[in-house]
Amino acid sequence: MMSKSENFFEQVYQVVEQIPYGKVTTYGAIAEFLGSKSASRMVGWAMNNAHTLVKPVPAHRVVNRQGLLTGKMHFKGQSMQERLEAEGIVIIDDQIQGFESVFWHPNTLLP
DNA sequence: GTGGTGACGACAC
DNA sequence: GGTGTCGCCACCA
């Protein structure tokens with residue numbers, strides 16, 4: 001059968017792609033949704049691997065628990081901040097303003 | 001097969 | 001209250 005390892009990453013990609021426009025989520029929230037809240041590092045690593053995916057993943061909508069654009073350095077072309085601002089999100093000093101207002105929980109996918 | 005690393009988070013001191 | 005350390009799981013050398 002298929003490797004279970006892909007399931008974890010697959011879940012991360014699925015959740016990230018389901019992030020609605022103008023909303024953002026955190027690594028910890030995704031990790032928690034997957035069942036391992038402490039596996040936030042794995043979520044970040046999944047984003048790194050998402051780079052190799054054929055399917056586009058809005059990784060720019062994923063920030064750390066503080067609402068800081070920690071992974072912006074990994075983005076090519078336009079900055080991560082520009083993309084978020086284009087969605088109506090206000091960012092000052094790499095920090096999302098009203099982070100709680102734009103914070104989207106993966107749990108929203110559940111009924 | 002082992003060790004080190006990583007776009008983080010929470011806890012201990 | 002800031003700093004330091006561990007934990008989590010998967011990938012690379």
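Order of the sequence lines sets the chain letters (A, B, ...), proteins ahead of strands, with each chain counted from 1.
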What does the list of N/O pairs under 3.5 Å between the protein and nucleotides 3-5 of chain C look like, with a distance for each?
none

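- Linking ILVMFWY side-chain heavy atoms closer than 4.5 Å, directly or via other members, places A:Phe9 and A:Ile30 in a single hydrophobic cluster.
- You'll find that the side chain of A:Phe75 is closest to B:dA7, out of B:dA7, C:dA10, B:dA10.
- Comparing the P positions of B:dT5 and C:dT5 gives an interatomic distance of 15 Å, to the nearest angstrom.
- For the atom pair CG of A:Leu69 and NE2 of A:His74, the computed distance is 12.5 Å after rounding to the nearest 0.5 Å.
- For the atom pair CD1 (A:Ile91) and CD1 (A:Ile96), the distance works out to 5.5 Å, reported to the nearest 0.5 Å.
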Show every donor-acceptor pair shorter than 3.5 Å between a side-chain atom in residues 102-111 of chain A and any protein atom, with sequence neighbours excluded, or say none if there are none.
from, atom 1, to, atom 2, distance (Å)
A:Thr108, OG1, A:His105, O, 2.7

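- The P atoms of B:dG3 and C:dG7 are separated by 16 Å, rounded to the nearest whole Å.
- Considering only residues two or more places apart in sequence or on other chains, A:Gln81 meets the side-chain hydrogen bond (donor to acceptor under 3.5 Å, both in side chains) condition with A:Glu85.
- With sequence neighbours excluded, no residue satisfies ring-ring contact (aromatic ring centres under 6.0 Å, His included) with A:Phe33.
- Put simply, CG on A:Asn64 is 12 Å from P on B:dA7, counting in whole angstrom units.
- Contact check of residues 22-40 of chain A against DNA chain C (heavy atom, cut-off under 4.0 Å) returns A:Ser38.
- Nearest heavy-atom pair, A:Glu82 versus A:Gln78, reported as atom, atom and distance to 0.1 Å: CB-CG, 3.4 Å.
- The distance from atom CG of A:Leu34 to atom NZ of A:Lys37, rounded to the nearest 0.5 Å, is 14.0 Å.
- Within the structure, no pair that satisfies the salt bridge (Lys or Arg N to Asp or Glu O under 4.0 Å) test touches residues 96-111 of chain A, not counting sequence neighbours.
- Note that NZ of A:Lys23 and OG of A:Ser101 are 7.5 Å apart. Values are rounded to the nearest 0.5 Å.
- Residues satisfying the salt bridge (charged side-chain N to carboxylate O under 4.0 Å, His left out) test with A:Lys72, not counting sequence neighbours, are A:Asp94.
- Only at 4.0 angstrom or more do the heavy atoms of residues 78-96 of chain A sit from any atom of DNA chain B, so none qualifies.
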Could you give the side-chain donor-acceptor pairs of residues 55-66 of chain A under 3.5 Å, partners two or more places apart or in another chain?
from, atom 1, to, atom 2, distance (Å)
A:His60, NE2, A:Glu87, OE2, 3.4
A:Arg61, NE, A:Glu87, OE1, 3.0
A:Arg61, NE, A:Glu87, OE2, 3.0
A:Arg61, NH1, A:Ile19, O, 2.9
A:Arg61, NH2, A:Glu87, OE2, 2.7
A:Asn64, OD1, A:Gln66, N, 3.3
A:Asn64, OD1, A:Gly67, N, 3.0
A:Asn64, OD1, A:Leu68, N, 2.6

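- Interface residues of residues 41-51 of chain A facing DNA chain C, ordered by number: A:Arg41, A:Met42, A:Trp45; criterion, heavy-atom separation under 4.0 Å.
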Between A:Phe99 and A:Val24, is the side-chain contact (heavy atoms from CB on, under 4.5 Å) condition met? List the steps. CA-CA 8 Å; A:Phe99 177 60; A:Val24 295; 3.7 Å; yes
Between side-chain atoms of residues 39-53 of chain A and protein atoms elsewhere (two or more places apart, or another chain), which donor-acceptor pairs fall under 3.5 Å?
from, atom 1, to, atom 2, distance (Å)
A:Asn49, OD1, A:Thr52, OG1, 3.4
A:Asn49, ND2, A:Tyr13, OH, 3.4
A:His51, ND1, A:Lys76, NZ, 3.1
A:His51, NE2, A:Lys76, NZ, 3.3
A:Thr52, OG1, A:Asn49, O, 2.5

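- Taking a pair as Watson-Crick or G-U wobble with both distances under 3.5 Å, the runs of three or more consecutive pairs in DNA chain C are B:2-6 with C:9-13, B:8-13 with C:2-7.
- The interatomic distance linking A:Arg61 (CZ) with B:dA7 (P) rounds to 22 Å, in whole Å.
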